[in-house]
Structure formats: structure tokens, C-alpha cells
There are 2 protein chains.
Amino acid sequence: MRLFSLVDRNKPSLARQSRDYLPSQAIYRAGADGLAWRVKSGVVRLDAAGKSGEASFASLAIAGDIVGCETMLFGVYTFTASALTPCELTPWPEGKSATAGDSLLASLALAQQRAADLVALRGGQASDRVLGLIRLLADGAGRVILPTRQDIADITDLRIETISRIIKGLERASILLPLKMQGIHATRGYSLHFAHAA
Amino acid sequence: MRLFSLVDRNKPSLARQSRDYLPSQAIYRAGADGLAWRVKSGVVRLDAAGKSGEASFASLAIAGDIVGCETMLFGVYTFTASALTPCELTPWPEGKSATAGDSLLASLALAQQRAADLVALRGGQASDRVLGLIRLLADGAGRVILPTRQDIADITDLRIETISRIIKGLERASILLPLKMQGIHATRGYSLHFAHAA
DNA sequence: CGCATTTTTGATACACGTCAATCTCCGTGG
DNA sequence: CCACGGAGATTGACGTGTATCAAAAATGCG
């Protein structure tokens with residue numbers, strides 16, 4: 001529930017600053033007040049608060065998406081946000097002519113596109129959903145940092161055991177290679193080999 | 001692909017006018033150009049165009065939602081829109097100070113809320129998904145006009161037979177009553193009895 | 001090194017999918 | 001007014017993709 005101090009301990013003040021989060025770190029909680037943010041990199045998970053405190057997956061935000069903009073209307077966050085991969089957020093709206101037309105319009109269009117992506121991740125065969133998520137999260141070079149199996153399961157509405165079986169399968173089929181194998185130390189980092197994947 | 005004429009045959013001109021659609025009617029098609037719209041009433045289905053022409057369910061829009069705003073950025077629609085129940089749309093942005101801050105911001109927040117609703121309709125037990133959709137579509141008085149079984153199936157990622165069994169079950173449990181029984185003629189119109197429902 | 005957490009694997013169960021017949025509307029035309 | 005036809009809805013019997021449950025096996029970390 002606490003509000004993040006607007007004063008960063010490293011960089012001396014300047015109030016509206018970008019922030020970094022590590023996987024599983026809370027970004028903000030439903031009901032609290034705070035700023036709206038734009039996701040610069042990484043993957044953010046949004047959860048709706050159920051009656052009895054339990055959080056249920058509600059949405060996903062990736063680079064470019066705006067999160068928490070409802071605070072600007074209601075004063076409090078509707079969802080709880082947490083980091084699924086290392087990620088960086090900056091306060092929104094950015095600088096000067098920010099709230100102006102085109103920027104906001106682009107954000108609206110992006111939000112609708114993201115909603116369609118999410119819908120696709122929750123329908124069809126289990127392996128297609130997981131592959132769909134991996135593709136959504138992969139960068140141009142085919143590198144991905146995956147969320148934990150549990151988070152992938154929540155996003156795709158599958159079970160953790162099912163996710164594990166599918167990802168192991170992709171590894172065995174050489175579609176997904178752990179970066180660790182290539183000497184790079186990045187937990188849950190993989191390289192995706194499109195060639196094989198449909 | 002055709003563009004709807006901006007001149008309505010009934011009401012003499014005034015260019016930017018609201019439009020009515022009947023279930024299963026196409027509103028606009030992906031790739032075509034046209035205006036952005038706000039849904040005043042009814043339920044609109046958005047489909048992403050697959051490689052080979054087939055349409056796959058992408059999103060849902062209900063009263064208050066904006067659809068097709070991407071034309072204002074890209075010049076063409078990203079999705080294909082069609083009516084699932086009788087519905088009315090008006091051109092957007094509305095009138096004067098339209099594109100201004102708050103209205104757009106509210107639309108963005110609403111879009112994100114809708115995305116979360118959609119996600120909830122595609123996870124968990126089959127009967128909960130269907131009930132969730134019915135609740136989403138019901139008006140304050142517990143009246144609903146449901147889409148066809150096929151459309152409900154597409155939205156919830158279930159099969160038409162499963163939907164049929166679940167809805168018949170709700171009818172038998174007196175949670176959902178066909179309005180027809182009450183002498184009102186409205187195909188697929190029901191009244192929802194919250195009392196029994198969870 | 002040793003513990004807690006996450007991931008993997010196997011065996012079995014069940015919710016929903018699939019296939020195939022009806023059945024119910026409704027509009028159409030004789 | 002009724003036979004006809006087509007689209008949507010319902011129902012039953014059976015199959016299967018994931019969920020479940022239960023144990024190992026990895027992995028990360030102090």
C-alpha cells in the first residue's frame with residue numbers, strides 16, 4: 001500500500017524519474033494512489049483484486065504500453081502491477097505537450113491491439129498459446145526473457161505442469177534454447193529459433 | 001470493403017450521424033477506411049483477419065467503448081466489426097472539444113478495463129465464463145439480449161454444443177428466463193435472476 | 001553445503017471437444 | 001393455411017487434451 005517515494009536515492013531528485021524493477025517485484029497496488037507509467041522495457045503483469053485478497057490475472061503490459069492511467073481519473077489504481085521480467089517504467093504523460101491528441105490516441109489504439117493479443121493467448125491449443133506468448137515477448141533478434149512457469153500459466157490459463165511440459169518440448173525440438181547453454185548468464189533467458197517454429 | 005455513404009436516407013444529411021445495425025450485420029471491415037465510432041448500445045464483435053481470409057475473434061465492444069480509432073492513425077481499420085445484438089454507433093470524436101484530454105483518457109482507461117473483462121471470460125470453468133459474459137451484457141434491470149450460441153462460443157473459446165448445454169442448464173435452473181415465456185417478443189432476449197446466480 | 005523454491009516427470013481422472021442426429025424456429029411460396 | 005427448406009439450437013455417445021495428484025530432480029541462494 002505504501003507510496004513509492006518520489007525521491008530516488010541514487011540520482012539526486014528531479015521528481016519524475018524512470019524506475020527499474022526486478023522479476024516478482026511489486027510496482028503498485030490496486031487501491032493505492034500514484035502516477036501513471038509507460039513501460040519502456042520488460043513485461044508487467046496486472047492483477048484484479050478479488051473479494052478475498054487473492055489476485056487474479058487481468059492483463060499484460062509490454063514495451064510502449066501505458067499502465068495505471070486510471071489514477072488520473074479515479075485517484076487510485078484499479079489493478080495491481082508487478083514485474084515479470086526485469087523492466088523499466090517512466091512516468092506518464094511524458095514532458096510537455098504530453099496529454100495531447102496523437103500520443104493519447106496512439107496509446108488507445110495500442111491498448112486495443114494488446115487486448116486482441118491477450119485474447120489470442122487464451123484460446124486454442126495449449127502449445128500454440130505458449131508459443132504465442134513467447135513470440136509476443138521476443139525481441140527482434142529472437143531473444144526472450146520468459147516469466148516464471150507459474151506466470152506463464154496464469155497468462156495463458158493453463159497449469160504450471162502443462163507449461164513445463166510444453167517448454168521442455170520446445171527445448172528438445174531446438175525451437176527454444178536456454179541462453180545458459182551459450183554461456184550467457186540470464187535466468188530464464190532463451191533464444192527462439194523461428195526457422196523451426198511454424 | 002465498401003465505405004458507408006455519409007448521407008443517411010432518412011434524416012436529411014448532417015453528415016456525421018449515428019447508425020443502427022442488426023445482429024450479424026457487418027459494421028466495417030479490416031483494411032477499409034472510415035471513421036472511428038463510439039458504441040452507444042448493443043454489442044460489437046471485432047475480428048482479426050487471418051492469413052487466409054478467416055476471421056478470428058479478437059475483441060468485444062459494448063456501450064461506451066470506442067471502436068476503429070486506429071483509422072485516425074493508420075488510415076485503415078485493423079479489425080473487422082460486426083453487430084452481435086441490435087446496436088447503435090455514433091461517429092467519434094463527438095462534437096467540439098472532443099479529442100481533448102479527459103475524454104480520451106477515459107476511453108483509454110475503459111479500454112484497459114474491457115481488456116481485463118475479456119481475459120476473465122476466457123479463463124476458468126466453462127459455466128463461469130458463460131455466466132460472466134451474460135453478466136457483462138446484462139443491463140441494470142437484469143435484461144439481456146444474448147448473441148448467438150456460435151458467437152458466445154467464439155468469445156469464450158468454448159464450443160457451440162457446450163454453450164448450448166450450459167444455457168439450457170441455466171434456463172432449467174431458472175437463472176435465465178427467455179423473455180418469450182413472458183409474452184415479450186425478443187429473440188434471444190432473457191431476464192437474468194441474480195438471486196440464484198452466485 | 002543445505003534448505004527453499006521452482007521445475008520436471010509420471011500416472012490417472014475428468015471437463016470439454018467431437019461427431020452425428022434430431023428438433024425448433026421462421027420466413028417463403030404454393 | 002400449410003408444406004418446404006435452411007439456419008440455429010439441442011441432445012446423446014464417445015474421445016481426448018489438460019488438469020490433478022504425487023514424487024523426484026534441478027536450481028538458486030544465504
Side-chain angles (χ1 to χ4, degrees), chain A residues 22-25 45 56-57 82-86 121-134 144-173 176-190, chain B residues 22-25 45 57 82-86 121-134 144-173 176-181 183-190:
Chain A
L22 293 174
S24 87
Q25 253 190 313
R45 164 184 178 155
S56 71
F57 175 77
S82 51
L84 293 190
T85 64
L121 295 181
R122 299 196 130 221
Q125 294 254 111
S127 56
D128 294 331
R129 296 193 215 176
V130 176
L131 214 37
L133 178 61
I134 293 173
V144 227
I145 296 179
L146 290 184
T148 63
R149 308 285 126 119
Q150 183 58 63
D151 283 317
I152 296 175
D154 291 343
I155 294 167
T156 54
D157 189 48
L158 295 168
R159 291 288 134 157
I160 188 174
E161 296 94 332
T162 303
I163 303 296
S164 179
R165 281 185 248 262
I166 289 171
I167 291 188
K168 253 298 171 225
L170 292 175
E171 281 182 35
R172 286 197 257 264
L176 208 53
L177 299 180
L179 290 184
K180 201 187 322 177
M181 295 283 123
Q182 306 165 235
I184 302 166
H185 183 67
T187 310
R188 283 192 279 276
Y190 293 85
Chain B
L22 293 175
S24 88
Q25 253 192 313
R45 164 183 178 154
F57 174 77
S82 51
L84 294 191
T85 64
L121 294 181
R122 299 195 130 222
Q125 294 252 109
S127 56
D128 294 332
R129 296 193 217 176
V130 176
L131 214 37
L133 178 62
I134 293 173
V144 227
I145 296 178
L146 291 184
T148 64
R149 309 285 128 120
Q150 184 58 64
D151 283 317
I152 296 177
D154 291 343
I155 295 167
T156 55
D157 188 49
L158 295 167
R159 290 292 138 155
I160 188 175
E161 296 93 335
T162 303
I163 303 296
S164 179
R165 282 184 248 263
I166 290 172
I167 291 187
K168 255 296 172 222
L170 292 175
E171 281 183 34
R172 287 197 254 263
L176 208 53
L177 299 180
L179 290 185
K180 202 185 321 175
M181 295 284 125
I184 304 166
H185 184 69
T187 312
R188 283 191 281 277
Y190 293 85

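Side chains are part of it too, since the values below use all heavy atoms of this structure and drop only hydrogens, waters and symmetry mates. Letters A, B, ... are given to chains in the order of the sequence lines, protein chains preceding strands, and every chain is numbered from 1.
Residues that satisfy the side-chain hydrogen bond (donor to acceptor under 3.5 Å, both in side chains) test with Gln25(A), not counting sequence neighbours, are absent from this structure. In this structure Asp157(B) satisfies the side-chain hydrogen bond (donor to acceptor under 3.5 Å, both in side chains) test with no other residue, sequence neighbours excluded. Here Thr148(A) pairs with Gln150(A), Asp151(A), Arg188(A) under the side chain to side chain contact (heavy atoms under 4.5 Å, CB included) rule; sequence neighbours left out. Checked against side-chain hydrogen bond (donor to acceptor under 3.5 Å, both in side chains), Ser82(A) has no partners two or more places apart in sequence or in another chain. Residues that satisfy the side-chain hydrogen bond (donor to acceptor under 3.5 Å, both in side chains) test with Arg149(B), not counting sequence neighbours, are Tyr190(B).
Within residues 151-161 of chain A, the residues approaching DNA chain C are Glu161(A), by heavy-atom distance under 4.0 Å. DNA chain D is contacted by Thr162(A), Arg165(A) of residues 162-170 of chain A, taking any non-hydrogen atom closer than 4.0 Å.
Counting only residues at least two apart or in different chains, salt bridge (Lys or Arg N to Asp or Glu O under 4.0 Å) contacts with residues 160-172 of chain A comprise Lys168(A)-Glu171(A).
Looking only at distances, a side-chain donor or acceptor of Arg122(B) sits under 3.5 Å from a matching main-chain atom of Ile155(B).
Between Arg129(B) atom CZ and dC16(C) atom C1' there is a gap of 9 Å when expressed in whole angstrom units. One atom, CG of Leu146(B), and another, P of dT10(D), lie 11 Å apart when rounded to the nearest Å. Between the CZ atom of Arg149(A) and the C1' atom of dA19(D) there is a distance of 18 Å, given to the nearest Å.
Rounding to the nearest 0.5 Å gives a distance of 11.5 Å between CD1 of Ile167(A) and OG1 of Thr162(A). Separating the CG atom in Leu84(B) from the CG atom in Leu22(B) is a distance of 12.5 Å, to the nearest 0.5 Å. Here the CD1-CG distance, from Ile166(B) to Leu158(B), works out to 6.0 Å after rounding to the nearest 0.5 Å.
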Nucleotide N/O to protein N/O under 3.5 Å, stretch nucleotides 28-30 of chain D:
none

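Side chains of Leu146(A) and Leu176(A) form a contact here, defined as non-hydrogen atoms less than 4.5 Å apart.
Distances shown here put a side-chain N or O of Arg172(A) below 4.0 Å from the OP1 or OP2 atom of dT9(C). One finds a side-chain N or O of Gln125(A) lying less than 4.0 angstrom from the OP1 or OP2 phosphate oxygen of dT18(D).
Fit an axis to the five pairs at each end of the helix from dC1(C)-dG30(D) to dG30(C)-dC1(D) and the two axes sit 40° apart, to the nearest 10 degrees.
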Atom pairs and distances, donor-acceptor, side-chain atoms in residues 124-134 of chain A, under 3.5 Å, two or more places apart:
from, atom 1, to, atom 2, distance (Å)
Arg129(A), NE, Gly124(A), O, 3.1
Arg129(A), NH1, Thr156(A), O, 2.5
Arg129(A), NH2, Gly124(A), O, 3.3

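Ile145(B) and Pro86(B) get closest at one heavy-atom pair: CG2-CD, 4.3 Å.
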